[in-house]
Asks: 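The structure is given below, and queries will be raised subsequently.
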Amino acid sequence: MPRIPETTDAARSTGGPNAADAARAAGLLHEPILDWFEENARDLPWRRPEAGPWGVMVSEFMLQQTPVSRVLPVYEQWTARWPTPAALAADPPGEAVRAWGRLGYPRRALRLHAAATAITETHGGEVPEDHAALLALPGVGEYTAAAVASFAFGQRHAVMDTNVRRVFARAVTGVEYPANATTAAERRTAHALLPDDETTAARWAAATMELGALVCTARSPQCARCPVLAHCSWRLAGSPPHDGPPRRGQTYAGTDRQVRGKLLAVLREATGPVPQAALDAVWDEPVQRARALDGLVADGLVEPVADGVYRLPLTPAAPR
DNA sequence: TAAGCGTGGGC
DNA sequence: TGCCCAAGCTT
């Protein structure tokens with residue numbers, strides 16, 4: 001059985017396999033992973049042709065740091081209510097925040113609204129196909145730009161989300177987890193593994209993400225179901241546990257973030273402006289409560305109406 | 001570069 | 001039960 005070569009000294013010094021290693025890995029990994037995807041791809045609404053580029057973009061914003069199962073119902077509501085960027089841009093940003101519901105990170109709703117506005121005003125209402133134009137939109141970073149260009153327009157891009165990074169860390173580099181931040185070595189690996197053909201590359205991006213989401217998971221990976229188990233460098237090395245700095249955790253309890261969430265929940269569920277007293281009720285400590293509210297206002301998620309009265313924003317936030 | 005930013009499900 | 005994690009972006 002052919003296998004991916006042992007990690008070389010050069011690979012260790014650069015934090016990843018060299019181009020030749022990656023090229024060999026590509027020959028071994030492409031077919032099994034693409035075939036596996038053919039059989040195991042989930043039927044997700046944003047993968048259907050009728051989703052279109054706007055549906056893909058909406059899904060990508062919602063899926064940032066948020067599980068598929070929680071996105072599904074909100075995605076259906078959003079795309080039914082706002083089938084085009086222009087439709088979303090025509091409504092107040094606060095409506096986007098309200099419809100975001102409990103997906104979390106509500107600044108994403110604001111940024112998606114701002115992206116819809118930019119698309120309407122400077123791209124004729126059509127989601128741009130160009131990677132650089134996508135990257136320039138609010139809330140669109142390296143991953144989302146590559147994902148929309150790849151999934152909506154079939155272009156050839158290295159799409160590196162947490163799933164893909166983990167799959168490559170294990171299968172190619174031979175470690176359990178990638179580094180906290182994306183490294184240059186990871187980008188080289190991802191590019192070296194990208195199939196030459198545009199259509200195949202786009203499918204490869206979706207396939208590697210799906211493999212990471214369904215089989216090569218962060219905890220308790222289902223290696224017995226893995227199409228490239230025989231070639232996996234991490235597995236061949238004996239599945240060594242993560243060795244290095246701790247993976248970045250997330251604190252939440254007692255933080256401003258928690259208070260912001262409680263405050264915004266009150267405003268989302270209200271039909272109109274909310275008096276200060278209703279907001280004061282959700283958190284006892286006044287200094288932190290005031291700081292959290294100020295932060296929401298500064299972010300454009302909350303708009304002061306009058307003295308001691310607040311609402312979800314009717315107007316876009318002023319640039320800071 | 002690292003910290004801040006929500007929420008809820010699974011083990 | 002707590003802790004870990006989930007298709008990141010911005011400053």
Side-chain angles (χ1 to χ4, degrees), chain A residues 41-42 44-47 51 55-75 97 100-112 114-115 134-152 157-167 176-184 205-214 216-222 242 245-268 282 288 291-292 294-296 298-302 317 319-320:
Chain A
R42 289 169 291 180
L44 299 170
W46 44 86
R47 287 179 175 163
V56 171
M57 175 168 278
V58 169
S59 77
E60 291 303 337
F61 271 73
M62 291 183 173
L63 288 163
Q64 291 168 5
Q65 300 283 282
T66 307
V68 166
S69 60
R70 289 181 37 222
V71 165
L72 284 169
V74 185
Y75 172 85
V97 174
W100 199 252
R102 307 190 66 80
L103 276 186
Y105 292 146
R107 292 192 290 196
R108 292 181 293 167
L110 228 41
R111 289 174 183 153
L112 182 50
L134 287 165
L135 195 55
L137 294 171
V140 176
E142 179 182 347
Y143 161 75
T144 302
V148 173
S150 182
F151 302 151
H157 293 280
V159 178
M160 284 189 295
D161 76 327
T162 188
N163 291 303
V164 172
R165 294 183 61 218
R166 187 175 53 249
V167 168
E176 186 178 18
Y177 296 117
N180 284 333
T182 305
T183 64
T208 47
M209 283 179 66
E210 193 79 336
L211 186 63
L214 298 182
C216 193
T217 52
R219 283 182 297 183
S220 309
Q222 308 294 303
H242 178 68
R247 312 182 66 208
R248 182 157 49 104
Q250 310 172 80
T251 54
Y252 183 66
T255 60
D256 287 4
R257 188 160 26 164
Q258 183 182 15
V259 185
R260 288 165 57 106
K262 287 178 176 293
L263 292 171
L264 204 58
V266 172
L267 289 155
R268 271 201 314 267
V282 303
Q288 187 179 26
R291 186 173 65 233
D294 285 349
L296 288 170
D299 287 347
L301 283 163
V302 173
R320 287 195 287 151

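These numbers were taken from a predicted model, which means no experiment stands behind them. Order of the sequence lines sets the chain letters (A, B, ...), proteins ahead of strands, with each chain counted from 1.
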Asks: Taking only heavy atoms on the protein side, list every residue of residues 137-148 of chain A lying under 4.0 Å from any atom of DNA chain B, sorted numerically.
Replies: none

Asks: Taking ring pair (Phe, Tyr, Trp, His ring centres under 6.0 Å) as the test, write out the residues that go with Tyr143(A), two or more places apart.
Replies: none

Asks: Within the pair Arg219(A) and dG10(B), is there a side-chain N or O less than 4.0 Å away from OP1 or OP2?
Replies: no

Asks: So if I take every side-chain heavy atom of Arg111(A) and compare against dA7(C), dC5(B), dT10(C), which nucleotide ends up nearest?
Replies: dT10(C)

Asks: Under 4.0 Å from OP1 or OP2 of dA6(C): is there any side-chain N or O of Gln65(A) that close?
Replies: no

Asks: Check every atom of dC5(B), dA7(C), dC5(C) against the side chain of Arg257(A) and return the nucleotide holding the closest atom.
Replies: dC5(B)

Asks: For the side chain of Asp161(A), starting at C-beta, report the closest nucleotide among dG8(B), dA7(C), dG10(B).
Replies: dA7(C)

Asks: Take the protein atom CZ of Arg70(A) and the nucleotide atom P of dG10(B), then report the distance between them rounded to whole Å.
Replies: 11 Å

Asks: Keeping Ser59(A) on the side-chain end and Val56(A) on the backbone end, is there a donor-acceptor pair under 3.5 Å?
Replies: yes

Asks: Please check the phosphate of dA6(C) (OP1 and OP2 only) for any side-chain N or O of Arg166(A) closer than 4.0 Å.
Replies: yes

Asks: Side chain of Arg102(A): nearest nucleotide among dA7(C), dT7(B), dG6(B)?
Replies: dT7(B)

Asks: Donor-acceptor check, side chain of Arg108(A) to backbone of Leu103(A), threshold 3.5 angstrom: yes or no?
Replies: yes

Asks: Examine dA7(C): is either OP1 or OP2 under 4.0 Å from a nitrogen or oxygen in the side chain of Arg108(A)? Give yes or no.
Replies: no

Asks: I'd like to know if the side chain of Arg166(A) reaches the main chain of Gly212(A), judged simply by a donor and an acceptor atom lying under 3.5 Å from each other, with no hydrogens or angles considered.
Replies: yes

